[in-house]
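Have a look at the structure below, then the notes.
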Amino acid sequence: MHKSTLAVHSGTRRDPQGGLNTPVYADSAYPYLDHDQVRYPRYFNTPNQQAVVDKLAALEHAEDGVLCASGLAAISTALQAHLNNGDQLVVASGIYGGSDDMCRQQLPRLGIEVSYAQPDAEALLAACGNNAKVIFCETPCNPRLQVIDLEYLCSQASARGILVVIDNTFATPVLQNPLRLGADLVVHSATKYIGGHSDICAGVVLGSKQLIAPIRELGLRLGGSMNAQTAALLERSIKTLAIRVERQCQNAIAVARALEQHPDVECVDYPGLTSHPQHQLAKTQMADFGGMLSFRVKPPLTAELVERKLRLISSAVSLGGVETTCCQPILTSHARVPAEDSASQGVDQQLLRISTGIEQAEDLIADLHQALQQARQA
Ligand SMILES: Cc1ncc(COP(=O)(O)O)c(C=O)c1O
């Protein structure tokens with residue numbers, strides 16, 4: 001079935017009263033005698049948690065998954081479950097700053113060696129030593145939208161016995177399925193597109209039953225599970241995921257093209273533009289190019305000057321909502337990344353990142369044009 005159909009129908013638990021939606025099972029206590037499993041919210045196996053996992057597993061072509069209280073809970077639990085003292089983790093530079101910070105600050109305390117490489121398949125593979133166990137990256141990557149060749153990366157890593165974990169938050173399960181391209185695990189900050197309305201914090205990790213089992217086991221010890229009400233809200237949100245993302249992609253290409261023409265814009269990063277260095281690759285591994293783009297303004301303009309003049313587009317952290325948002329990665333998503341690493345990714349005072357919502361493209365472009373003009377006159 002198509003993604004839009006799966007997003008609506010898969011995973012739904014039957015309502016004994018005949019309603020169309022999965023009922024909200026708020027319980028934290030379940031009988032266990034004569035039952036095949038002990039149900040408990042922190043064990044990730046309540047009906048509302050399972051309904052969401054089944055829906056996302058269908059969209060990502062996964063066998064199993066764990067629904068967590070945040071994207072970072074999903075990422076940290078997945079990585080820790082598959083890394084041991086003495087193992088090497090290779091991370092792509094430019095990933096979300098919170099993931100970067102967790103890898104830099106937390107994993108070395110467990111004896112895990114963390115190495116960084118450019119967000120490029122060859123560079124990531126070249127950084128792998130004999131003790132390399134996991135490669136972790138995003139594609140498109142945050143915030144400069146580099147695209148990594150997943151099929152190549154995964155086939156080479158697999159031949160060396162290295163697991164590949166992909167953060168698919170920017171692409172969404174509607175546009176890209178890393179497991180189908182050979183990745184071992186896929187993670188999402190469901191706080192973003194999957195939730196889609198800027199009112200939920202959630203995360204998920206999906207993969208084979210074999211690779212998910214130790215993640216669930218560790219997650220149960222660490223305790224980052226989700227309550228039933230949030231899971232039910234998330235299940236409702238996913239029903240409109242495909243249609244939201246379709247509109248967000250249409251708006252992103254329209255905004256990217258308009259910005260590319262603007263004399264005060266130095267460059268636009270969007271995989272859908274033919275000027276993007278990995279445009280052809282993105283075309284082969286993504287169904288569309290997503291709702292995320294970034295652009296650099298030319299001095300004397302600065303990102304902040306422009307951001308402060310926006311009227312319709314909200315200046316806000318986070319992304320993937322129905323409303324278009326804009327932020328300076330250097331002050332938000334990448335604030336915790338060491339300055340030299342940010343500089344090497346071109347994450348500085350000239351860079352703005354946009355997450356397009358589902359409004360009308362012309363209104364977004366008009367707002368950006370007026371903000372650039374006002375900034376110039378300031
Ligand atoms: C690409 C990406 N991955 C992971 C995360 C972390 O997700 P959460 O904030 O839900 O913990 C974020 C948050 O901004 C993100 O942008």
Side-chain angles (χ1 to χ4, degrees), residues 52 56 60 65-80 91-107 119 136-148 150 165-176 178 183 185-206 219 222-227 230-231 233-234 237-238 245 248 269 271 286 290-294 314-321 325-337 342 345 347 351-356:
V52 174
L56 291 172
E60 281 287 15
V66 174
L67 183 64
C68 297
S70 72
L72 202 54
I75 295 166
S76 60
T77 311
L79 293 180
Q80 287 181 66
V91 179
S93 299
I95 56 166
Y96 165 60
S99 310
D100 181 291
D101 184 56
M102 183 273 297
C103 292
R104 240 176 247 276
Q105 303 298 333
Q106 182 57 23
L107 299 184
F136 175 53
C137 52
E138 298 171 11
T139 177
C141 195
N142 201 346
R144 301 300 308 266
L145 285 306
Q146 297 98 328
V147 177
I148 298 171
L150 284 180
V165 181
I166 300 296
D167 182 333
N168 203 28
T169 301
F170 272 28
T172 83
V174 173
L175 302 181
Q176 179 173 271
L185 290 165
V186 57
V187 290
H188 284 276
S189 168
T191 313
K192 318 297 186 222
Y193 289 96
I194 292 173
H197 297 73
S198 308
D199 57 5
I200 293 175
C201 188
V204 70
V205 49
L206 299 150
L222 296 179
S225 58
M226 179 186 288
N227 66 55
T230 307
L233 208 50
L234 197 54
S237 299
I238 302 168
V245 169
Q248 284 163 320
D269 305 314
M286 299 177 75
M292 298 301 302
L293 61 125
S294 53
S314 309
S315 166
V317 295
S318 203
L319 58 105
T325 56
C326 180
C327 72
Q328 293 176 66
I330 196 157
L331 299 182
T332 56
S333 57
H334 289 67
R336 285 169 167 268
V337 176
S342 287
Q345 290 296 317
V347 178
L351 187 75
L352 278 166
R353 189 187 73 183
I354 291 186
S355 162
T356 51

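Given the structure is predicted, the values throughout are model-derived calculations rather than measurements. As the structure lists them, so they are numbered: ligands from 1, and atoms in each ligand from 1.
- The nearest protein atom to atom 3 (N) of ligand 1, hydrogens excluded, is given as D167 OD2, 2.6 Å; this is a heavy-atom distance.
- The shortest N or O to N or O distance between A73 and ligand 1 is not below 3.5 Å.
- Applying the 4.0 Å criterion to heavy atoms of E138 picks out, from ligand 1, the atoms 1 (C).
- To the nearest 0.5 angstrom, L293 atom CG is 10.0 Å from L352 atom CG.
- Each of the following atoms of ligand 1 lies closer than 4.0 Å to a heavy atom of K192: 9 (O), 12 (C), 13 (C), 14 (O), 15 (C), 16 (O).
- Taking OG from S333 and CZ from R353, the interatomic distance works out to 4.5 Å, rounded to the nearest 0.5 Å.
- Close contacts between ligand 1 and L72 involve ligand atoms 6 (C), 7 (O), 8 (P), 11 (O) [criterion: under 4.0 Å to a heavy atom].
- Distance check: S355 OG to F170 CZ gives 8.0 Å after rounding to the nearest 0.5 Å.
- If you number the atoms of ligand 1 from 1 as listed, the ones under 4.0 Å from a heavy atom of S70 come out as 10 (O), 11 (O).
- Q345 and H334 share no donor-acceptor pair across their side chains, judged by distance under 3.5 Å alone.
- Each of the following atoms of ligand 1 lies closer than 4.0 Å to a heavy atom of G71: 7 (O), 8 (P), 10 (O), 11 (O).
- How far OG1 of T169 is from CE of M292: 10.0 Å, rounded to the nearest 0.5 Å.
- The two atoms that bring S70 and C201 nearest to each other are CB-SG, 3.7 Å, heavy atoms only.
- Side-chain atoms of E138 never come within 3.5 Å of backbone atoms of P143 as a donor-acceptor pair (strictly under, hydrogens ignored).
- Summarising the contacts of atom 7 (O) of ligand 1 with G203, S189, P143, A69, the nearest heavy atom is found in S189.
- The ligand atoms of ligand 1 that sit less than 4.0 angstrom from a heavy atom of T191 are 8 (P), 10 (O).
- Side-chain N/O atoms of D269 and Q146 include no donor and acceptor closer than 3.5 Å.
- Near I75, the atoms of ligand 1 lying under 4.0 angstrom from a non-hydrogen atom of the residue are 4 (C).
- Protein heavy atom in closest approach to atom 5 (C) of ligand 1: Y96 CD2, 3.3 Å.
- Residue contacts with ligand 1 for A202 involve N, CA, C or O but no side-chain atom from C-beta outward (heavy atoms, distance under 4.0 Å).
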